[in-house]
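All remarks here apply to the structure that follows.
Quick note: residue numbers are just sequence positions, from 1.
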Amino acid sequence: METSIERSIDMASPEMQRVLRSLHEHARRAPKHQTLDEMRDAFEGLWGAFPPKSDVDVIPTTAKSVPAAWLADPTARDDRIVIYLHGGGFKLGSISSHLSITSRLSGAARSRVLALDYRLMPEHVFPSQIDDTVAAYAWLLEQGYGPNNLAFAGDSAGGGLALAALLRLRRDGLPLPACAVAFSPWTDLLGEGGWRDADACVPHIDPFATAPLLDETARTYLAGADPRDPLASPLYGDCEGLPPLLIQVGKQELLLGDSTRFAQNARSAGVEVELEIQDGAFHVWQHAAPEVPEAVAAIGQAGAFIQKHLA
């Protein structure tokens, strides 16, 4: 099925515009030179300021060797699991920074969410992050969960990681989950014909992502590995046989091409893809679900997609 939905509007909601102004102000006031710990603290403070859904339990656990947490909305079914992979360029972010998204996704999908604190770079580089993802997925299978009751979801670098994990599972002969959701995924660490070129010629509303920053992040993460390795850049992988995918991306994002090009490749391989392009949205606007109607709608659509495909 080839489904593409472009949610174009003349103007973003007042709430979206207000949050975007706040993000630009945050970026303007941020120190130019920060230590890694300072960057991680700032990321936690920025996105962790959006509160989680108040009635969702958060229970720390370990998935095999991977630190994780269960999130369970009161409506969530115990037998349906969404594995969530946070964004942050493989070096920032955590379970805590993404509670606004994961808590609401649990309710929207009526599924428990297993949020992973996979290893971060520069302490751990590719393929440590995908190893952790596959280990947690295999652990769920060992616990007796069927693949038809499992889904992947993630944002930004975590969205790309979710798609790469599908390719790794297929390569290793493990059963694939029922579906996957990617919010503004980073699918191409090389960036040629994508973000590397777009940064110079297209106006982007997101205050954080730039081509030089993505280039530096990719080089550190890869640590000499081939950027065309599909497990690092799923854009270059063969998508044949992958489960249904939902991809949401902002129309003015630097990573727009990472979503549209991957969706095109997957459709050409016969994969069912729903691509939703939101005008006026910043990178991973789903964080702002408590107060931005476009974010509430996006998570609702993601939850409906997951419900549709889980057994």
For this session: Scan Leu141, Leu114, Leu310 and name whichever one has a side chain to side chain contact (heavy atoms under 4.5 Å, CB included) with Leu150.
Result: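 Going through Leu141, Leu114, Leu310 one by one, the side chain to side chain contact (heavy atoms under 4.5 Å, CB included) with Leu150 is satisfied by Leu141 alone.
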
Exercise. So which of Leu255, Leu254, Leu23, Leu256 actually passes side chain to side chain contact (heavy atoms under 4.5 Å, CB included) with His283?
Worked result: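 It is Leu255; the other options fail the test.
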
Keeping the roles fixed (side chain from [X], backbone from [Y]), state whether a donor-acceptor pair exists under 3.5 Å.
X      : Y      : value
Ser233 : Pro227 : yes
Ser103 : Leu99  : yes
Gln129 : Gly158 : no
Ser94  : Ser96  : yes
Asp172 : Leu174 : no
Glu38  : Thr35  : yes

Measuring from atom [atom1] of [X] to atom [atom2] of [Y], what distance do you get when rounded to the nearest 0.5 angstrom?
X      : Y      : atom1 : atom2 : value
Ser97  : His287 : OG    : NE2   : 6.5 Å
Thr210 : Glu216 : OG1   : CD    : 9.0 Å
His98  : Asp117 : NE2   : CG    : 10.5 Å
Gln286 : Gln301 : CD    : CD    : 9.5 Å
Tyr137 : Ile83  : OH    : CD1   : 7.0 Å
Thr102 : Trp70  : OG1   : CH2   : 13.0 Å

Problem set entry | Residues Val125, Leu222; criterion side-chain contact (heavy atoms from CB on, under 4.5 Å); working and verdict | CA-CA 7 Å; Val125 297; Leu222 291 167; over 6 Å; no

Do the non-hydrogen side-chain atoms of [X] and [Y] ever get within less than 4.5 Å of each other?
X      : Y      : value
Phe183 : Ile101 : yes
Ile130 : Leu161 : yes
Arg119 : Asp131 : yes
Leu71  : Tyr84  : no
Ile306 : Leu105 : yes
Val296 : Arg104 : no
Phe262 : Ile247 : yes
Ser13  : Glu294 : yes

Under a 4.0 Å N-O cut-off, is there an ion pair linking [X] with [Y]?
X      : Y      : value
Glu123 : Lys91  : no
Arg196 : Asp188 : no
Arg18  : Glu15  : no
Asp55  : Lys53  : yes

Of all the heavy-atom pairs spanning [X] and [Y], show the shortest one and how long it is.
X      : Y      : value
Leu189 : Trp195 : O-CZ2, 3.4 Å
Arg112 : Ala72  : CG-CB, 4.1 Å
Gln278 : Gln252 : O-OE1, 4.5 Å
Ala289 : Ser100 : N-OG, 4.3 Å
Phe152 : Pro177 : CD1-CG, 3.8 Å
Cys239 : Ala269 : C-CB, 3.8 Å

[atom1] of [X]: more than 12 outside heavy atoms within 6.0 angstrom?
X      : atom1 : answer
Arg110 : CZ    : no
Glu44  : CD    : yes
Gln34  : CD    : yes

[Y] and [X] side chains, donor-acceptor separation under 3.5 Å:
X      : Y      : value
Glu253 : Ser184 : yes
Asp155 : His86  : no
Asp73  : Thr75  : yes

Under 4.5 Å between side-chain heavy atoms, hopping through other hydrophobics if needed: is there a path connecting [X] to [Y]?
X      : Y      : answer
Leu242 : Leu275 : yes
Leu36  : Phe43  : yes
Ile299 : Met16  : no
Leu176 : Ile81  : yes
Leu167 : Leu116 : yes

Problem set entry | Test side-chain contact (heavy atoms from CB on, under 4.5 Å) applied to Asp258 and Leu235, step by step | CA-CA 7 Å; Asp258 282 55; Leu235 179 68; over 6 Å; no

Exercise. Where do Arg267 and Glu272 land on the salt bridge (charged side-chain N to carboxylate O under 4.0 Å, His left out) test, with the steps shown first?
Worked result: CA-CA 6 Å; Arg267 288 168 176 165; Glu272 177 185 338; over 6 Å; no

For this session: In sequence, state the C-alpha distance, the side-chain angles, and the governing distance for Trp186 and Thr217, and then conclude on side-chain contact (heavy atoms from CB on, under 4.5 Å).
Result: CA-CA 11 Å; Trp186 192 12; Thr217 301; 3.8 Å; yes

For this session: If the plane angle is over 60° it's perpendicular, under 30° parallel, otherwise tilted; pick one for Phe50 and Trp47.
Result: parallel

For this session: Classify the angle between the aromatic ring planes of Tyr221 and Phe90 as parallel (below 30°), tilted (30 to 60°) or perpendicular (above 60°).
Result: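 Answer is parallel, since the angle falls under 30°.
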
For this session: List the steps, then state whether side-chain contact (heavy atoms from CB on, under 4.5 Å) holds for Leu245 with Leu166.
Result: CA-CA 11 Å; Leu245 306 174; Leu166 297 177; 3.8 Å; yes

